[in-house]
There are 2 protein chains.
Amino acid sequence: MLDDRKAAILKAIVEEYIQTAQPVGSMVVARIPELSVSSATVRNEMGALEREGYLAQPHTSAGRIPTDKGYRFFVDSITEPGRLDPVQSQQIRKFFATAHGELERMLADTSRFLSGLTDYAAVVVRHSADPARIRSVQIVGLAPRVAVVVAILGSGAVDKHTLELADEPSEAQVAAASSHLAAHLTGEPVGRWMAIPPTDDPLVDRLVGIANAALTHGSGEPDEGPQVFVGGAARMATAFDAVSTIRQVLDILEQQFVLVTLIRDILDRGLSVAIGTEHGLQPLADCSIVVAPYEIEGERAGTVGILGPTRMHYEQALAAVAVVSKRLGQALSEGTREG
Amino acid sequence: MLDDRKAAILKAIVEEYIQTAQPVGSMVVARIPELSVSSATVRNEMGALEREGYLAQPHTSAGRIPTDKGYRFFVDSITEPGRLDPVQSQQIRKFFATAHGELERMLADTSRFLSGLTDYAAVVVRHSADPARIRSVQIVGLAPRVAVVVAILGSGAVDKHTLELADEPSEAQVAAASSHLAAHLTGEPVGRWMAIPPTDDPLVDRLVGIANAALTHGSGEPDEGPQVFVGGAARMATAFDAVSTIRQVLDILEQQFVLVTLIRDILDRGLSVAIGTEHGLQPLADCSIVVAPYEIEGERAGTVGILGPTRMHYEQALAAVAVVSKRLGQALSEGTREG
DNA sequence: CCTTGGCACTCAACGATACCGAGTGCCAGC
DNA sequence: GCTGGCACTCGGTATCGTTGAGTGCCAAGG
């Protein structure tokens, strides 16, 4: 597609522009040692690259700026995993050594951490596309008319619902309902309606029905769709200088549904980076997104990602997202105890 | 302190400035019908108001801008509750009619709603200053080495922790531990360490100890300090035009601890509004905060508030925050079932 | 004594103008 | 095909009036 020299020039321009945020002129490119050509030659090549859509010129007599296509070429040419500098690796190690606690807090912390690490906004999605299966379920009476149904899910999460009863079941009836429920729900995905055959005790059936309904339609997390944690949105205020752009980007970051759709879209297309207008969202035309799914015990459990300007530092971003998603998965696979 | 005319002039200037965001000149003030004086008189009074610290001048030959002290006078002069316009009342009614679900989701939704209602950033804090008391507690065995301790709190919230055991207690032992724990913890505030006397079965004691520890130091919400929900932070990008200000304010909004401290501070001082530098936070020097606590069943359970520029629309803000906090409290008092 | 019209003064905002220089495109020569 | 040279472009910055909103002060009038 591009001969070696064009590729080298394009790469140099992208790198320079990412660093300086200024249009890159031919002289700067000609100065880099790998290329021993004059600026005039570079100018010719730059003209060609512009005609092919890799570069753009803000106006005549300005340097060149990479287009989305230019960034795309650059990103695709990053083949080796990309090194994190030791300081960052150290930070990551430290974070995951000390991080602990409840899943949701962990995800929120991770989003903040990743944002600090990369200096872009970070997003962590916990998706529930594949609903966790119920590993164990139990009804517990707590007071004459109050009971709890507690389900432990395959993901290690605990789904619990308090039940208010019209009846006052005996302990035996609660126990019967509990085991009847367990017999029919264990192994099933949570949040899906499961028909449960009646027993010979209508009171037990009512109790089972209430518990089953709570697990199905209950307001516990699992069936409320994916959860989104955004960290470091404030950094977008530094990444752009047009207030309107900042506003638009922040708006998107608050629309969790949009974020989730966007990220799923990117993953569905088999990408790990979406640049500028590659994703459809017009307000994010100046943004790139780097994502990586994380896995808990081999199952995709969510995604981590960062959102930055198209002129983001892609190697670092890719490396950081990759490492953090891996480590997050590991950390969550260990600490499956606490839901 | 201020004679009637000065007060009227000050009020007019504040209102005008809130609307236009432009320094207010003497002629504009002289035009208002209540005051039938010439602009020259207004100028004299404005000079006096400036000397007394209520007004400031960006530069000679510009109009006047209210100082924090000026806003404070204005806010303190708002005595009657302040009317919400019918559209907003309608919105509020509708929101609380349809809002439902889990406490945390409800609070998050409320923060988003309040932000939309006022067009400022909104904050909802769920504080746990007065830890809820345990109404009922129970240990449930789920698997040979896995048990759950479930505590229902006075607030209606459910605190549950999964326990991983070294032993394999019998059902009777679990039941014994459960009732022993219940006997000593019921009525106590959660999250505080309670000594529990030993029984004659060391295995039961170990189980009780683990459960007790989980409830005390466990990672469940109640002892993790207050939770903060921020909605509509993006709106701060419209409220200010200096990018650095936006950045600073967004930063604060992400520091939950700072927010909570700030809000508690304001409430502790018996205020419902903090203007500009009245709160200590330098980055928020251009912001005002309007807060109101909400109550669940008569107990203070948290705070709702909004954060906007010092030139915010105070009457509306005060009214909106007051009404939303009240309605939120009512809504949560009804739906105490689901934790 | 307070109010008011008048007047000189101030100063940010705006527009016009000129200038600078980084960067380009093109061309002729090596 | 590469390179040095050169004319050209045009955004950015600085300079300089000009404008006008707004003030402070004063002297006259109720």
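The sequence lines fix the lettering, A, B, ..., with proteins before strands; numbering per chain opens at 1.
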Asker: State which residues pass salt bridge (Lys or Arg N to Asp or Glu O under 4.0 Å) with A:Asp286; sequence neighbours excluded, sorted by chain then number.
Answerer: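 With neighbours one apart ignored, the set is empty.
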
Asker: Please list, for nucleotides 14-17 of chain D, all pairs of protein and nucleotide N/O atoms separated by less than 3.5 Å.
Answerer:
none

Asker: For B:Ser77, give me all partners under side chain to side chain contact (heavy atoms under 4.5 Å, CB included), at least two apart in sequence or on another chain.
Answerer: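 Expected list: none.
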
Asker: Figure out the CD1/P separation between B:Ile9 and C:dC2, and round it to whole Å.
Answerer: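 About 15 Å, once rounded to whole Å.
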
Asker: NA contact type, A:Ala62, heavy-atom cut-off 4.0 Å: base, sugar-phosphate, or nothing?
Answerer: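 Sugar-phosphate, backbone atoms only, no base.
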
Asker: Output a table of donor-acceptor pairs, distance under 3.5 Å, between side-chain atoms of residues 22-29 of chain A and any protein atom two or more places apart or on a different chain; print 'none' if there are none.
Answerer:
unit_1  : atom_1 : unit_2  : atom_2 : d
A:Ser26 : OG     : A:Arg43 : NH1    : 3.2

Asker: Any side-chain N or O of B:Ser38 less than 4.0 Å from the OP1 or OP2 oxygen of C:dT4?
Answerer: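 Answer yes for this pair, as a side-chain N or O of B:Ser38 is under 4.0 Å from OP1 or OP2.
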
Asker: Would you say D:dG1 has OP1 or OP2 under 4.0 Å from some side-chain N or O of A:Arg5?
Answerer: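 False: A:Arg5 side-chain N/O out of range (4.0 Å or more) of D:dG1 OP1/OP2.
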
Asker: If the condition is side chain to side chain contact (heavy atoms under 4.5 Å, CB included), which residues does B:Ala319 pass it with, not counting sequence neighbours?
Answerer: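 By the side chain to side chain contact (heavy atoms under 4.5 Å, CB included) rule, B:Ala319 matches B:Leu84.
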
Asker: Can you list everything that forms a salt bridge (Lys or Arg N to Asp or Glu O under 4.0 Å) with A:Asp251? Sequence neighbours excluded, please.
Answerer: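 By the salt bridge (Lys or Arg N to Asp or Glu O under 4.0 Å) rule, A:Asp251 matches A:Arg247.
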
Asker: Does anything in residues 42-60 of chain A reach DNA chain D, meaning a heavy atom under 4.0 Å, and if so which residues?
Answerer: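 Residues of residues 42-60 of chain A that come under 4.0 Å of DNA chain D are, in numerical order, A:Arg43, A:Asn44, A:His59, A:Thr60.
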
Asker: Any N or O donor-acceptor pair under 3.5 Å from the base of C:dT3 to the side chain of B:Thr41?
Answerer: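 No, the side chain and the base share no sub-3.5 Å donor-acceptor pair.
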
Asker: For B:Ala7, give me all partners under side chain to side chain contact (heavy atoms under 4.5 Å, CB included), at least two apart in sequence or on another chain.
Answerer: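 Side chain to side chain contact (heavy atoms under 4.5 Å, CB included) check on B:Ala7 returns B:Phe73.
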
Asker: Within the 4.5 Å heavy-atom criterion, are B:Val243 and A:Phe240 side-chain neighbours or not?
Answerer: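 Not touching, per the 4.5 Å side-chain cut-off.
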
Asker: Write down the distance between CZ (B:Arg64) and P (C:dC11), rounded to a whole number of angstrom.
Answerer: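 One finds 14 Å between P of C:dC11 and CZ of B:Arg64, rounded.
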
Asker: Specify the residues of residues 15-28 of chain B, ordered by number, for which at least one heavy atom lies under 4.0 angstrom from an atom of DNA chain C.
Answerer: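 Within this stretch, nothing sits under 4.0 Å of the strand.
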
Asker: Any salt bridge (charged side-chain N to carboxylate O under 4.0 Å, His left out) pairs touching residues 53-68 of chain B, not counting sequence neighbours?
Answerer: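 Non-adjacent pairs meeting salt bridge (charged side-chain N to carboxylate O under 4.0 Å, His left out): B:Glu50-B:Arg64.
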
Asker: What residues form a side chain to side chain contact (heavy atoms under 4.5 Å, CB included) with B:Arg311, not counting sequence neighbours?
Answerer: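 Checked B:Arg311 against side chain to side chain contact (heavy atoms under 4.5 Å, CB included); matches are B:Tyr17, B:Ile18, B:Ala21, B:Tyr71, B:Pro309.
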
Asker: Identify, with sequence neighbours excluded, every residue that meets salt bridge (Lys or Arg N to Asp or Glu O under 4.0 Å) alongside B:Arg269.
Answerer: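 Checked B:Arg269 against salt bridge (Lys or Arg N to Asp or Glu O under 4.0 Å); zero matches.
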
Asker: I would like to know whether A:Val228 and A:Phe257 meet side-chain contact (heavy atoms from CB on, under 4.5 Å); could you show each step before the answer?
Answerer: CA-CA 9 Å; A:Val228 180; A:Phe257 179 75; over 6 Å; no

